Q: 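What follows is a structure written as structure tokens; I'll ask about it next.
Everything numeric in this text was worked out from a predicted model, so none of it was measured. Within every chain, numbering begins at 1; the chains are lettered A, B, ... in the order of the sequence lines, protein sequences first and strands thereafter.
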Amino acid sequence: MIGLLPAFVVIPLIAAFILPLFGKKGKDAATILANAVILLLLVLAVVAVYSGKQGIYEIGDWSIPLGINLVLDGLSALMLLAIATVATAAMLFSARYMEQYTAKAKYLSLFLLMVAGMNGVVLSGDIFNLFVFLEIASLASYALVGFGCGHEELEASFKYMVLGSVGSIFILFSVGLVYGHTGTLNMAYISQTIQNNGGLNAGLTFALALFIVGFGLKAALVPFHAWLPDAHPSAPAPISAMLSGILIKTLGVYALSRVVFNIFGVSQATGWLIIVLGLISMIIGAFLAIGQEDLKRLMAYSSISQIGYVVLGIGLGAALIQKGEDKLASLAILGGLFHLVNHAVYKSLLFLNSGSIEMATGTRRLEQMGGLAAKLPYTRATCAVASASIVGIPPFSGFWSKLILIIAAILAGYYWIAAIIVFVSLCTLIMYLKVHRYVFLGQLPEKLQNARENKGTMLFAMAFLACLCILMGLLVIIPGLKEAVLDPAVKVLTGGFEYSRFVIGPGG
Amino acid sequence: MNIMFYVLLLFILIAAVIAVETKNLLSSVICIGAIGFGVSIMFLFLRAPDIAITQIVVEVLGLIILIRATISRDLTFISGDKEFFGTVVSVVIIFMIFLVGIRVFDTIPEFGQPTFAQAHNPASETYIEDGLEKTGAANIIASIILDFRAYDTLGEATVLFTSIIGATVILRRKSRKALGELE
Amino acid sequence: MRRSIYLVLTFIIWILLTWPFADGTVDLQVVVAGIIASAFVAIIFHDILPKEHHVFVSPIRIFWFLVYVPVFFYYVTKANFDVVYRALHPQMPIKPGIVKIKTNLKSDSAITALANSITLTPGTLTVDLTEDGYLYIHWINVKSDDVEQATCLIAQRFEWFIKKIFE
Amino acid sequence: MKGMTVIVKTISSWVKVLIILFGIYIILFGHLTPGGGFAGGVILASSYVMLMLAFGREFVQKDLPLSLDSKLDCLGAVAFAMIAVLGYVFGKSFFDNFLSQFGRHLRLISSGTIPLSNIAIGLKVGASLFLVIFILSTFRRDSSDDKQE
């Protein structure tokens, strides 16, 4: 398995380089090729998770820190699986959905570049390499947001590009600072150098702050969220699903937690900073979402709120590790990571639903819809599953992750955090009831009499994710699964500096 | 040498401030060009001729694009005043970052020296001492970017590729098919 | 024919480029690479290359070119002193203006060479040229604004040589 | 865009040979002297940009069609990735410089895959930078046409 690690990056990259060569005539071949690549990645990711193998891959046969290494540990494996799952569904959905646009081969190429970039970020063991792949994924997403080329899309894309570049510059500057201080770019060696010299000095603290701001911008946490409500609705539906479902988590949450936990080491201050960011995101995102009249915009604000849960769990873990309560910390982090995976599944499903609705009705305005339950039965059913899941109704996946977060908060003695989690869940309930009320129930407008559902791959993609929504709950109920999938990832974060010993080896 | 360095830095800073503050877009573009050439001379001072070459050539290409864009659009002047509140807030924030920056740059070591001295041999020394032996390339920079860290270079080439595809996609003439074309 | 001329030419340029690297010795690898690169340039880009290739194979033209270089330098130096004199003179005896001159040269390279020769000579500057062989010259001391006379004063001295070289 | 006067056209067609040759030199000697694929590629692209400014867009379009240029772009990228994969096939790992001991140090043929990578990157960078400038100028013409109609 370890020998196959570069395949996660190189296969989509080569496919993306070849795809633009397919012209208009080779459109179907291009679609098949792209789908095959994504499916292959899914298979590889499943193998990576289930084989449970961990290790490092040294590129070019140069031992670290001379060369660049790829690291596969529990967290990377979990993220790879999440990326591949969402990408599979979005790709299947695109096959039919993207027929409304031109330049499909280039769309597929950009899609694969985004996936390659995210895989690269997740696997990289080198901080500059992480930045490079983060840029690839970001650039591809800027272009994909503006894919429709309308005024609104281009404006959103431009706004996203400006803020995204500001985030990237913060990260790059911080990488430079870290290199100046430690003389190495390898994440494990940076971590080791920091440990050997007794923690952070002023320069490294500033670098950490810059990292938090930069990755916070990529994750759209609340003071830095301005781009998301424009960008996510403007993109084509499968891309919205990718952006909300997985991109903000890979570039934001994953990179943030890798840097905070494994490189710089957690402290009480960073822990609470992250908790506060998470809480603000949860509350403000939920409040803003309720007022929206645009279906996809509502979901975009809801993403901000949901990413808050993930960040809250991770921040709570950071704060608790520092207090020495390792068991509680791993519970909180488990909640956060589990919510991350859950949200990846149900939010991408919701955006695919919105795509299906938009394709049938031609609008995203809630007040122009109504009574679509009869016209779009499958969309309605999958949307109901996803909504139940995001709200946290018991058998569905969202319930379990929220429950874990609440239990962790209560056991740690932060009752007010638990209260906020419940309160935001209620807000989420209101916003998705609103969606169902306006879209599926009520009177069917005259204009929409001819609306009909798109079957085929689009439906299959939605059904696939809906099944996952239900099955994900089993992850915590069936004993073996949690140990295989989630626990290794949690262990990476709670382990903290173990990461450097794992990469460098016992001798280093 | 050192004094030249500071003069150059000052020149770049002044050009940058003018580029942001001037209302004439053309002079703003020319200031950006001046910044670019200042930076490339800086690279020469730092003994990085490779980067200086690339910087100059890219700068020339960028200037051509920017000047053509400014001239042909007839947008040489921008109008509108700044909001007072926004200016005050950004000045305060920049001042705070400046204060923090002074403290941070105090901790930065001399050029080329890592602060935390390491017990083992850092990568940069190996690159310089054994680069030729290990890779066979006389140009150390080539040996780093195309052998030791070739994976990064693949990433950078992909960044370029992505932006090209992105630009062609954003600037394509027709983005959506008409309803009839959907079979 | 044209391609092979350019192949040889580009190969000479290649050798000049790589001279510092080759350290005076002949390195077979560099020579082979040079032949490949020159062939590449000559074959792929032949239709953008200049059309006046015959200049390089005719010894007479090369001879005239070699004669032209010192002549040109003589005129440039003379014009330099003239401009210096005008600039330093307390009364600044200048009379700037734009005059029109006529040239009989036909080929693009010849016209370019003439225009550049005029520009390189201090005191005169080619501003524009028209399709039918007229050049607009900015002149620091306009002695005559008649086309015939201005042509005599500015262009004639270069034109004769350039005609020998290019046409 | 019609291009500029005869003077500019002639001079640029003379100088173009030099620029292209210099670009090739920078790329081929990238592992021995300062330069390499990126710098050389940019120089190659700039020679075409100069032609575009001097002769006009149509002339360059005839000489180097947009479709061919984007194909070259993809080809360069694929070639670079393929060098990496060849390292996996023939060497020990991905991006392994499996030819590194081939040839003598400080000669043109040395340091294994580095010159090959330089050529691939030069092709890729040259094609894509020219493509950027070309697309930007083409786009502007289209939008101004719309206004006139």
Side-chain angles (χ1 to χ4, degrees), chain A residues 6 9-10 13 16-17 20 59-60 62 64-68 99-103 106-107 109-110 113 116-117 120 126 128-129 132-133 135-136 139-140 142-144 146-150 153-154 157 177 179-186 189 193-194 196-197 201-207 508, chain B residues 97 100-101 103-127 130-131 134-135 144 146-179 181-183:
Chain A
V9 181
V10 174
L13 269 190
F17 293 153
I59 289 177
W62 299 110
I64 51 171
L66 273 189
I68 298 171
E99 289 292 317
Q100 358 173 12
Y101 297 91
T102 55
K106 283 181 179 140
Y107 163 83
S109 171
L110 282 170
L113 284 169
D126 186 281
F128 182 72
N129 193 249
V132 169
F133 279 92
E135 268 304 280
I136 295 174
L139 277 171
Y142 305 150
L144 285 170
F147 198 78
C149 290
E153 281 107 336
L154 290 179
S157 170
L177 269 180
Y179 182 67
H181 278 86
T182 59
T184 176
L185 284 170
N186 190 287
Y189 278 86
T193 315
I194 289 173
N196 290 347
N197 291 277
N201 61 12
L204 285 172
T205 314
F206 187 59
Chain B
I97 292 180
V100 176
R103 175 127 169 63
V104 167
F105 279 96
D106 254 3
T107 67
I108 288 186
E110 283 283 300
F111 178 64
Q113 298 287 318
T115 8
F116 296 156
Q118 284 173 315
H120 60 270
N121 200 9
S124 48
E125 277 174 28
T126 320
Y127 290 154
D130 302 339
K134 288 190 170 175
T135 66
I144 293 172
L146 290 174
D147 200 339
F148 291 114
R149 297 183 69 86
Y151 185 54
D152 264 353
T153 312
L154 176 65
E156 279 143 23
T158 313
V159 166
L160 195 57
F161 185 83
T162 314
S163 42
I164 305 301
I165 297 280
T168 46
V169 158
I170 294 276
L171 299 180
R172 73 194 193 280
R173 212 167 296 174
K174 193 168 137 230
S175 62
R176 277 169 207 267
K177 293 177 185 164
L179 276 175
E181 283 176 71
L182 262 169
E183 73 266 39

Q: Report the option among A:I68, A:V9, A:L110, A:L139 that has the most heavy-atom pairs separated by less than 4.5 Å from atoms of chain B.
A: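 Sorted descending by pairs with chain B, the first entry is A:I68.
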Q: Search all heavy atoms of A:P65 against all heavy atoms of B:Y127 and return the closest pair with its distance.
A: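 Where A:P65 meets B:Y127 most closely, the heavy atoms are O-OH, 4.1 Å.
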Q: Using non-hydrogen atoms only, which part of B:L154 is less than 4.5 Å away from chain A: side chain, backbone, both, or neither?
A: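 B:L154 touches chain A through side-chain heavy atoms alone.
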Q: Centre-to-centre under 6.0 Å for A:Y101 and A:Y107, is that the case here?
A: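 No - the distance between ring centres of A:Y101 and A:Y107 does not fall below the 6.0 Å cut-off.
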Q: Looking at A:A140, A:G150, A:A16, A:C149, which makes the most heavy-atom pairs under 4.5 Å with chain B?
A: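 Going by pairs under 4.5 Å, I would pick A:C149.
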Q: Counting the benzene-type ring for Trp, do A:F133 and B:Y151 have ring centres under 6.0 Å apart?
A: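 Ring centroids of A:F133 and B:Y151 are less than 6.0 Å from each other.
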Q: Under 4.5 Å, counting heavy-atom pairs only, tell me which of A:L185, A:N196, A:T205, A:L144 racks up the most with chain B.
A: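 Max contact count across the listed options: A:L185.
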Q: If every non-hydrogen atom of A:T184 is compared with every non-hydrogen atom of A:N186, which pair is closest and at what distance?
A: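 Scanning both residues, the minimum pair turns out to be OG1-N, 3.2 Å.
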Q: Chain A heavy atoms under 4.5 Å from B:D106: which part of the residue, side chain, backbone, both or neither?
A: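 Looking at B:D106, nothing touches chain A.
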Q: Which is it for B:K134 and A:L66 under the side-chain contact (heavy atoms from CB on, under 4.5 Å) test, yes or no, and what are the steps along the way?
A: CA-CA 11 Å; B:K134 288 190 170 175; A:L66 273 189; 3.7 Å; yes
Q: Which bit of B:V100 is near chain A, if near means a heavy-atom gap under 4.5 Å: side chain, backbone, both or neither?
A: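 Just its side chain gets close to chain A.
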Q: Tell me, for A:L154 versus chain B, whether the close heavy atoms (under 4.5 Å) come from the side chain, the backbone, both or neither.
A: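 Looking at A:L154, just its side chain touches chain B.
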Q: Counting only heavy atoms closer than 4.5 Å, note whether A:L113 contacts chain B via side chain, backbone, both or neither.
A: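 A:L113 touches chain B through side-chain heavy atoms alone.
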Q: Among A:V132, A:I136, A:V10, single out the residue with the greatest number of heavy-atom pairs under 4.5 Å to chain B.
A: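 If we count pairs closer than 4.5 Å to chain B, A:I136 comes out on top.
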Q: Should B:R149 and A:D126 count as an ion pair when the cut-off is N to O under 4.0 Å?
A: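 Between A:D126 and B:R149 there is a salt bridge, with a charged N closer than 4.0 Å to a carboxylate O.
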Q: For A:L13 and B:F161, what are the C-alpha separation, side-chain angles and deciding distance, and is it a side-chain contact (heavy atoms from CB on, under 4.5 Å)?
A: CA-CA 10 Å; A:L13 269 190; B:F161 185 83; over 6 Å; no
